[in-house]
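Just below is one structure, and these are the notes that go with it.
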Amino acid sequence: MNADSQPTTWSTAAKEIVSGGAFRAFLSVILGFIVGALFMVFSNEAFLNALSYLTARPTDALGAGWTAISDGYLALFRGSIYNYQADNFVAAMRPITETLRFAGPLIAAGLGVALGFRVGLFNIGASGQILFGALAATWVSTRMTLPWGVHLVVAAAVAIAAAAAFGALVGFLKARTGAHEVIVTIMLNYVAAGLLTFFFRQDYLLREADGGGTPKSDAPAETAQLPTLFGDSFTLHAGFLLALVGVVIYWWLMERSTIGYRFRMVGHNIDAARTAGVNVSRTFVYAMAASGAFVGIAAVNQALGARAGLTPDLDGSIGFDAITVALLGSSTGPGVLLAGLLFGAFKAGAPAMQVIGLSPEVTGVVQGFIVLFIAAPPLVRAIFRLPPPQKSTVIADWWVGLRKKKVAK
Amino acid sequence: MSTASNDSFARVDARVSYKTPIVMAAFALVVGIAFGLFGKPEAVTFQWSNPEDFIHIPDFVVASNLVGMVVGVILLIIAALAFVRARAARTTPLWLNLIFGLFAVVALLGWLAAGNNVPFAFILGNAVVLAVPIALGAMGGIMSERVGVVNIAIEGQLLTGAFLAAVVGSLTDNLYFGLIAAMVGAALLSMVLASFAIVYLVDQIIVGVVLNVLILGITNFLYSQWLSADGQNSNFPGTFDIIPIPGLSSIPILGPALFESRITTYLTYLIIPALWFILFKTKLGLRARAVGEHPLAADTVGINVARTRFWWVTLGGVVAGLGGAALTIGSVGAFGRGMSGGQGFIALAVVILGRWHPFAAAAAALLFGFSIILRVWANQVSPGIPTDFITMVPYVVTLIAVVGFVGRVRAPAADGQPYIKG
Amino acid sequence: AAAPDASETAVEQLDYLACAVSDEGSWNDKSFNQSVYEGLTKSRDELGVQIQDAESTSPDDFAPNLQAMIDASCDLTIAVGFNLVDAVNAAAEANPEVNFVTIDGWSNGATNLKPVGYSMNQSSYLAGYLAAAQSTTKIVGTYGGMQIDAVVDFMTGYYYGAMAWGADNDTTVKVVGWDPAKEKGDFIGDFTPNSGTSKAIAAAQLQAGADVLFPVGGDQFGASSEAITESGVDARIIGVDKDIANTSPEYADWILTSAEKRMTSAVYDIIKAIAVDGQAFSGDYYIGTLENGGTALSAITNYTGAQSQADIGAKLEELKAGIISGDINPLG
Amino acid sequence: MKLELRGITKRFGSLVANDHIDLVVEPGEIHSLLGENGAGKSTLMNVLYGLYSADEGDILLDSVVQKFKGPGDAMAAGIGMVHQHFMLIPVFTVAENVVLGNEPTGALGILDLDSARKRVREISDRFGFDIDPDAIVEDLPVGSQQRVEIIKALARDAKVLVLDEPTAVLTPQETDELMGIMRGLATAGTSIVFITHKLREVQAVADRITVIRLGAVVGDAKPTDSAEKLATMMVGRAVDLGVNKKKAVLGSTGLSVKGLTVIGDGSLKVVDDVTFDVRGGEVLAIAGVQGNGQTELAEALVGLREPSAGKILLGDLDITDSSVREIIDAGVGYIPEDRKKDGLVGDFTIAENLMLNKSFGPPWAKGVQIDFANRDRLADELIAEFDVRTPGRETMAKQLSGGNQQKVVVARELGRDLNLFIASQPTRGVDVGSIEFIHERIIATRDAGKPVVIISTELDEVTGLADRIAVMYRGRIVGIVDASTSRETLGRMMAGATV
Ligand SMILES: Nc1ncnc2c1ncn2[C@@H]1O[C@H](COP(=O)(O)OP(=O)(O)OP(=O)(O)O)[C@@H](O)[C@H]1O
Ligand SMILES: Nc1ncnc2c1ncn2[C@@H]1O[C@H](COP(=O)(O)OP(=O)(O)OP(=O)(O)O)[C@@H](O)[C@H]1O
Ligand SMILES: [Mg+2]
Ligand SMILES: [Mg+2]
């Protein structure tokens, strides 16, 4: 071991920053935006028109391209963070509240899927769990009369419990029969959708009063609606707070609690967990129940955050987005929070982007590229020629120190 | 060296498991009682073949409840056979399970169709056609997962294949070009998956999920910008001709259902056994499976893990792309937005349900195709079950299959694991 | 290509911004979303109004998309589809200075919200009658995307139309795929265009003897036409929403007629009335009927029924008059 | 073939696993590499085998510099290697594993499994192995798997053969036979690099010895050098190789096993009517060739396997049908034979691994929450007490060397009050320094009056630690004998002879 082959301290430090996760994530987002920009430019009619006479007047193409990009991202900013064109405070601030509102269910469902990943289970069933939770919530919120406050709490609790039970069913089937959770969750998504539709169609079940043959429920009773956070000018409701509470609980559960510790143990090494006295089958059931419970918070958001009747597609694409959110957030509480906010911002920004002529597909593609880059550190490192990760510095330093001591002896 | 092989231990009578006979007996009783004793007395007509078929088997008309009772008794006999075997500590052979399943299906059809027809060839033929895209998607998935790359992007591959087949088929006026474009396009998509997963070590599930989103976005975009306005030229490919295979197509019952099909279906017939053969009988397959089970071990015997993975995933894309083509030019012709409609995820389930084995996965895909046509047909002949429940049939059937009969499965050990060389 | 001049615009540009938000699904669904969108673009091209639009991909998008239109200072915003009814009512109440139109929805009282609806059962009744006339087996089929009112309305009219032909001709006509009494029928389960399930349903109906199909689920023409080709039956398709023989000419060979939901012209007329003719916005309910031409049967093509096309055409006119006069109830 | 390594340097990040290592192996020579866990032996061999690419240095075969892009090149150049960890595909048959990468094929690349089988049989016969070519590898006992690995290397007629800890799972007889084979190959001109932690073997078979410490060569040694000298070179300090123990002070019966029978995954009685007692303050060693039911016996004792007959009593407590957790709570400590699979969670920190089976209550947990203050304190104490060499309790277990990993397991199991201690292969693959330490701790447990059960295929370990020895053969105990019984007698018993 040559001492002089050691890089100097400052350059090591610089390297560690440059190779660090936060900086790379930042670059990834930038890269995603760049590729997204290309997509916007090449889907822009003005640009394509200008391209056809590129040689005649190249500035047109450049100008059109630049306009497409700047318009697109400014629209995203206006739609998701702050609308600087607005003529009143409410309109200016609405975008950020919309971002938070959309982020709520994404974060919650993301936590649920993330929990599954930590236990080694792939929960593709968030969508089914949302539907089932919403089914239960809607029963309480439209078919029961309870005092203000109590009603909301009961509806939310029932939704979370129902989603948890639906999740636990997956864990139970896996523990009992070995059925693979991927198959079971995919199939249960369809089953939940069918069930919800059936309930929303029968007037003796959940169909809206004077509803026709279209499956739809009543709006949740006012006593059961999640209250808005900043008055009626903003639609942001307490569901986001629930999601935040979910993040804290998730963090506590996975990092501090003994059951979360055992979840992770099973996720990393089933055999060692079994040898250490952990009942693996039961852990699967608990974990899927917990996973479903977090997804249940998303169900609460969707079912009780609504001011109007619900339709069977109330889950939107949350179930699948949750998978990406969980993976993007490395299945950690804070990570899922950030990823959920990013996705929420995209959802909130999409209408503003559509207004300037960007179809929702373009937004989806930009989003996809960002995720891809965030998930591909080696690619980003290769593109920016970053140094390799300095992950094991602690152990390496220790080794170097030890070696020096021993060799010196 | 001395040996300690397993046979040296004292042997005991194996633990006797009565699970299978008990499940079978329960089913038999349900059939006998619900379909038989409490069944409907109306006549049911089993149409084994179409009148125009080469060999026409006359229709078989029988009372619905009689079918239930007779089949119930047959099923009980099979259950008893299984019981006898179980007592001798032997498992029920697969063929007996299959026969049991077939009889149970006949009873179900007979019960549903009381006062109606059971168009056998029609049901089977449609089940096959509906199963083809799922089966091909699943074969692509198997090829990818057998070498250790989880493929969540089957949905995207089907969609890519469906899109390119329709568009290229229309533009060139040649469906074979469409077919090739579908395979090439999905293969390119697979290459993206492979490079990100193998070279850039991105979490394979993330790449898959993202690719699905991207493909959905891009095909939707192109559809809106282009196909919808110009459908006549760009999205009206038609479908491959139906080619009866001489000889085979005159086999009673099966012939018209299986051998009066399109080239996409015939290719599926070829690909499934070919994949099985390559995986389990050739050097290529041995190496592929080694890479999927223990890449480091494969590396130590000189197998290039990255290259093996890359090509298998890519070829898997070719097969899945063919499945996509089967959605359009092998079935309905024109492309529609998001027309894969979740079949890629069904294929993913089928991969697992079929234990990463081509034949088993094909059977699982067929089960799924059968469930779809069953729900369509049952809805017609046997009104009374709410639409929303009828819609659930394929999924519930799959759930029952996985919970009741398949149980624990074992993925290739390195499935989803990146291989990082030292 | 040559660089365009700045002065290329043909029509005079008006300072009027007309906007639309789609139901789940895109503007290119070959169905109702597309009809509205074409009304919007037609207004732009012919009237010179400005337009703005947003597609919704899930129910979560409805309210934000409407809000985006309000933020974009739209003068008129059209919410397409029954599903947006709650969102558009809320938006109309919150923004009394902006005008809204709800297609297939209703107003909870806001006067700045104009409901536009269609009696699709009327044209579908004619379609059913024609289908029965065309059929040689006297079995006609219909199936839907999902069992919802907007779909079932077509199927019910079709059913009673077919039955009416049977009664008129003392012939038993059978409709497969929908039974209004039991509220039970064949549905794909979603609006996925051209799915295998769609084709299987069509095939099953053909197998059951149907030789006219009426698929009410957006773009199912590939699925039904292929099912027909495969079955070898000489069968016809009846289109929905748009005049399919014209708008999707590739399927013209199979098309018997279409039950049109003429939203394109409704949208155009509403915009024209305000933006060009200077009329005040009215929140009155507009309902498209055979009478006002909001719904109609398209030209009949490929008709090969036993009665002559002239006879059946005359009969359809008679029925139309009956429906308009209220003598005939297309819903039974 | 003559093998020369010149100045091989291999870095993992900033860690130098091999630091300018020179090594020469003459044709027909058996060259032993000695070194502690993590010294860099396997890394060096993996470089030679093309699995890792060296950062510096050259590999020469018969004085020609080689450029290996991967193991394929190395194999083509005549290098064969038996890896420390099995490089077998568990779901493949023996024949498939042996031919993998070098498959006999017919037309169209169709596998010729018949000739594969023939090849396996030939080699088996030549070297006296008894292996069924059609057996699925994962169904084979570890000892047989090791033989498959050896067949795999031999099947390719390597000119340079690297054996990385091939004897770790072999019985003494098997080891002797393997050494005979090595001798034979060397005589025929094969150069052999032999890595082992067992000095007895090195002394018996090696022609020359190179000792590596912390990635660098510390020197050469001769097989005639004393074991103490070799150990000192390896570890860098004096090591006591024997086990020092006082006479046992027997207490009351701690563990009583009566007629225990366990059915294996097939329909075999892998544990067949086993009866024995262990008293407090006594070490009972269960000896036997690997795969004769010892593993299953241990697993049944700790609740991981369900007995089909018999009774297990811990003092007065019947634990026959208790769950693993109940048995842990009853004070049974257990070291599983495969620490990576069953004993540790590689992606957990040391602190987390130290509480693996203690998460259900105090002092490690407080209610439903981990008691971090206590956990960290206890972890630090255990790390210090059990001499785990690590930068700290937050280091990932997978980053530790095997010896230190094993110390973590030992610390966890012995770091609490026990009523019974069961250790399966407690020192497998562990270097001499760590062996010494672990043995001391086991004896300390016994001297504290606890009943101890040791399961080991290592005769030295068995005779060194045990007060009494039970020998298992085909699921049955063929006899329980005194610790002073001769190696020869024990060897015969392990082959099934009753006393
Ligand atoms: N793949 C790897 N990545 C990072 N570091 C590694 C890797 N493999 C080995 N090392 C490092 O190199 C050092 C030498 O490891 P090596 O496997 O060569 O030890 P060894 O001498 O074979 O030990 P043992 O006797 O336990 O087998 C280790 O301590 C470890 O820190
Ligand atoms: N990914 C890795 N990162 C860092 N060090 C590693 C890694 N993989 C292995 N090592 C190191 O390599 C060395 C040898 O590893 P190896 O897996 O061969 O363990 P071992 O001590 O030989 O265990 P066993 O006796 O069970 O075989 C250990 O010191 C370990 O710390
Ligand atoms: Mg080693
Ligand atoms: Mg070791």
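In what follows, chains are A, B, ... by sequence order, proteins preceding strands, each numbered from 1.
Nearest heavy atoms, D:A365 versus A:T258: CB-CG2, 3.4 Å.
Interface remark: D:L356 contributes backbone and side-chain atoms alike to the contact with chain A (heavy atom separation under 4.5 Å). Heavy atoms of D:E352 lying under 4.5 Å from chain A belong to its backbone as well as its side chain. When heavy atoms are compared at a cutoff of 4.5 Å, D:M396 does not approach chain A at all. Both the backbone and the side chain of D:S359 come within contact range of chain A, with heavy atoms under 4.5 Å apart. Both the backbone and the side chain of A:R274 come within less than 4.5 Å of a heavy atom in chain D. Looking at D:F372, only its side chain comes within 4.5 Å of chain A, counting heavy atoms on both sides.
Within a 6.0 Å radius of CZ in A:R282, other residues, nucleotides and ligands contribute 12 heavy atoms or fewer. A 6.0 Å sphere centred on CG of D:D321 holds no more than 12 heavy atoms belonging to other residues, nucleotides or ligands. Shown here is D:E138, whose CD atom has more than 12 heavy atoms of other residues, nucleotides or ligands within 6.0 Å.
Contact count against chain D (heavy-atom pairs under 4.5 Å) is highest for A:R262 among A:R264, A:R262, A:E255. Of all the listed residues (A:G260, A:G277, A:A273), the one sharing the greatest number of non-hydrogen pairs under 4.5 Å with chain D is A:G277. Heavy-atom pairs under 4.5 Å with chain A were tallied for D:L304, D:V324, D:V368; the largest tally goes to D:V368. By number of non-hydrogen pairs under 4.5 angstrom with chain A, the leading residue of D:R412, D:R325, D:M355 is D:M355.
Taking CD1 from A:I259 and CD from D:Q369, the interatomic distance works out to 13.5 Å, rounded to the nearest 0.5 Å.
In this structure, A:T275 and D:Y334 have side chains that are in contact, with non-hydrogen atoms separated by less than 4.5 Å.
Using a 30° and 60° split on the angle between ring planes, A:H268 and D:F348 fall in the perpendicular class, above 60°.
Side-chain N or O atoms of A:N269 include one that pairs as donor or acceptor with a backbone N or O of D:K340 at under 3.5 Å.
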